[in-house]
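First the proteins, then the strands, lettered A, B, ... as listed; each starts at 1. Owing to the predicted nature of the structure, the values given are computational and were not obtained by experimental measurement.
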Number of protein chains: 2
Amino acid sequence: MKLTTKGRYAVMAMADLAYHSNEKPVSLTEISLRQNISLSYLEQLFIKLKSKKLVKGLRGSRGGYTLEKPASEIKLSNIFYAVEEEVRTLNCKKDSKRGCNNKSVKCITHNLWDRLDNHINGFFENVKLEDLLKENYEQQRNK
Amino acid sequence: MKLTTKGRYAVMAMADLAYHSNEKPVSLTEISLRQNISLSYLEQLFIKLKSKKLVKGLRGSRGGYTLEKPASEIKLSNIFYAVEEEVRTLNCKKDSKRGCNNKSVKCITHNLWDRLDNHINGFFENVKLEDLLKENYEQQRNK
DNA sequence: TAGAATTCCTAGTAGATTTGTATGATTTAA
DNA sequence: TTAAATCATACAAATCTACTAGGAATTCTA
C-alpha cells in the first residue's frame with residue numbers, strides 16, 4: 001500500500017491552504033515555511049492537485065493557490081487519490097508473479113486484503129477537509 | 001506506515017501453517033512452495049514470529065513449525081506486530097526534523113494520523129487467524 | 001553412525017521507491 | 001521592468017524492500 005509522506009504532505013498542505021485562505025490566494029512559499037515542506041516538492045504535489053480540480057493556480061506576483069471547491073466538499077480520499085497512485089494493499093493482480101493471480105486456488109488471504117482496502121479507503125472517504133479545520137479551531141479555543 | 005509484503009507474507013504463511021497443521025510440524029519448504037515465497041525470507045520472518053511466541057520451531061529432519069497457540073487466539077495484529085517494526089502513519093515524533101515535533105502549534109493533521117493508526121490497528125485487532133481459515137473452508141465448500 | 005533435512009543466524013545487496021534538488025521557462029501584479 | 005509566483009522537467013541522494021548467500025546447529029532416519 002502507498003501511504004507515505006507524499007500523501008501526508010498533500011493533506012497537510014491542503015489543510016494549511018484551507019485554513020489560511022480568505023480572499024487572496026496562498027502561495028506555496030508560505031505553506032512551505034509553515035509546514036516545513038520543500039517548495040519544489042510542494043509544487044509537484046500541487047500540479048497533481050490542480051489536475052484533479054481540487055485547487056486553482058494563480059500565476060504571477062501575488063499569485064498562489066485557492067481551493068477549487070469548498071472544504072466541505074473535499075474528501076481526504078480525493079486528495080490521496082490525486083497524489084498517490086493507488087491505495088491498495090493487495091498484490092494479487094493479473095500478470096503478476098506474486099500473489100494468487102488467478103490460480104485455481106485463491107490465496108487464503110485474498111479477501112482479507114480486499115476488506116482492508118475498503119476499511120482504509122472508507123476512513124478517508126468519511127473525513128472531509130472541513131472536519132480537520134473544525135478540529136483545529138476547537139483545539140485553539142481550548143487553550 | 002509499514003504495510004508491505006513483509007506483513008502480508010507473514011499472514012499468508014501463518015494462515016498456510018494453520019491450514020495444513022495436524023500432528024506433525026510444517027516445514028518452511030512446503031510453505032515456500034505453496035505460497036510462492038522465498039525460503040530464506042520465510043526463515044527470517046519465522047524467527048521473529050517465534051520470538052513473539054506465535055510459533056514453535058522443531059529443528060532437524062522432519063522438523064518444521066507448529067502454532068504455539070490455537071488459531072482462535074492469534075490476532076492478525078499479533079502477526080503484524082511480530083514482523084513489522086511499527087504500524088504508525090505518523091512521523092511527528094520527537095527529535096525529528098519533520099512533522100510538528102512539539103512546536104507550540106500542533107500540526108493540523110496530527111490527530112488525523114492518530115485516528116488512522118487506530119482505525120487500521122483496530123481492523124487487525126478484530127480478525128483472528130481462525131477467521132481466515134473459516135472463510136477458506138466456506139469458499140471451498142461453495143464450489 | 002552417516003547423511004539428509006530442517007531450523008537458526010548473520011551479512012550483504014540489487015533494484016525500486018521516496019523525497020527531494022536544480023534549473024529554467026512562463027505568467028502576472030505592482 | 002522587476003519581483004514573485006506558478007509551471008515543467010530532469011536528475012540524484014538516501015532509504016527501504018525483498019531478497020540471496022553461506023554456513024552452523026540440530027535431529028530424524030536408514
How long is the line joining [atom1] of [X] and [atom2] of [N], in whole Å?
X: B:Leu58; N: C:dT7; atom1: CG; atom2: C1'; answer: 9 Å
X: B:Tyr41; N: D:dA21; atom1: OH; atom2: C1'; answer: 16 Å
X: B:Glu30; N: C:dT7; atom1: CD; atom2: P; answer: 9 Å
X: A:Leu39; N: D:dC7; atom1: CG; atom2: P; answer: 12 Å
X: A:Lys48; N: C:dT19; atom1: NZ; atom2: P; answer: 11 Å
X: A:Glu43; N: C:dT19; atom1: CD; atom2: C1'; answer: 15 Å
X: A:Gln35; N: C:dT19; atom1: CD; atom2: P; answer: 16 Å
X: A:Lys24; N: D:dA4; atom1: NZ; atom2: P; answer: 15 Å

Less than 4.0 angstrom between a side-chain N/O of [X] and OP1 or OP2 of [N], yes or no?
X: B:Lys50; N: C:dC8; value: yes
X: A:Ser38; N: C:dT19; value: no
X: B:Tyr65; N: C:dT6; value: no

Among C:dC9, C:dT7, D:dA18, which is the nearest nucleotide to the side chain of B:Leu28?
C:dT7

Starting the side chain at C-beta, find the nucleotide from C:dC9, C:dG20, D:dA18 nearest to B:Lys6.
D:dA18

Which comes earlier along DNA chain C counting from the 5' end, the contact point of A:Gly7 or that of B:Gly57, where each point is its nearest nucleotide?
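By nearest-heavy-atom nucleotide position, the 5'-most residue is B:Gly57.
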
Looking at every strand, decide which applies to A:Ser40 at a 4.0 Å heavy-atom threshold: base, sugar-phosphate, or nothing.
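Base: the residue A:Ser40, judged by heavy atoms under 4.0 Å, touches a nucleobase.
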
For residues B:Glu125 and B:Ser77, report the shortest heavy-atom separation together with the two atoms involved.
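That closest heavy-atom pairing would be OE1-OG, 2.9 Å.
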
Of all the heavy-atom pairs spanning A:Leu28 and A:Leu42, show the shortest one and how long it is.
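Minimum heavy-atom separation between A:Leu28 and A:Leu42: O-CD1, 3.7 Å.
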
Decide yes or no for A:Val11 and A:Arg8: does some side-chain heavy atom of the first lie under 4.5 Å from some side-chain heavy atom of the second?
no

Donor-acceptor pair under 3.5 Å, A:Gln44 side chain vs C:dT19 base:
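Donor-acceptor pair under 3.5 Å: no.
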
Quick check: does any side chain N or O of B:His119 sit under 3.5 Å from a backbone N or O of B:Asp114, one acting as donor and the other as acceptor?
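Not a single qualifying donor-acceptor pair exists.
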
Which is more 5' along DNA chain D, the nucleotide nearest B:Ser61 or the one nearest A:Val26? Just name the residue.
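Of the two residues, A:Val26 wins.
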
Pick the closest DNA chain D nucleotide for A:Gly64 and for B:Arg62 by heavy atoms, then say which residue is nearer the 5' end.
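That would be A:Gly64.
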
In plain terms, say whether A:Lys53 and A:Glu68 are close enough for a salt bridge, that is, a side-chain N and a carboxylate O under 4.0 Å apart.
no

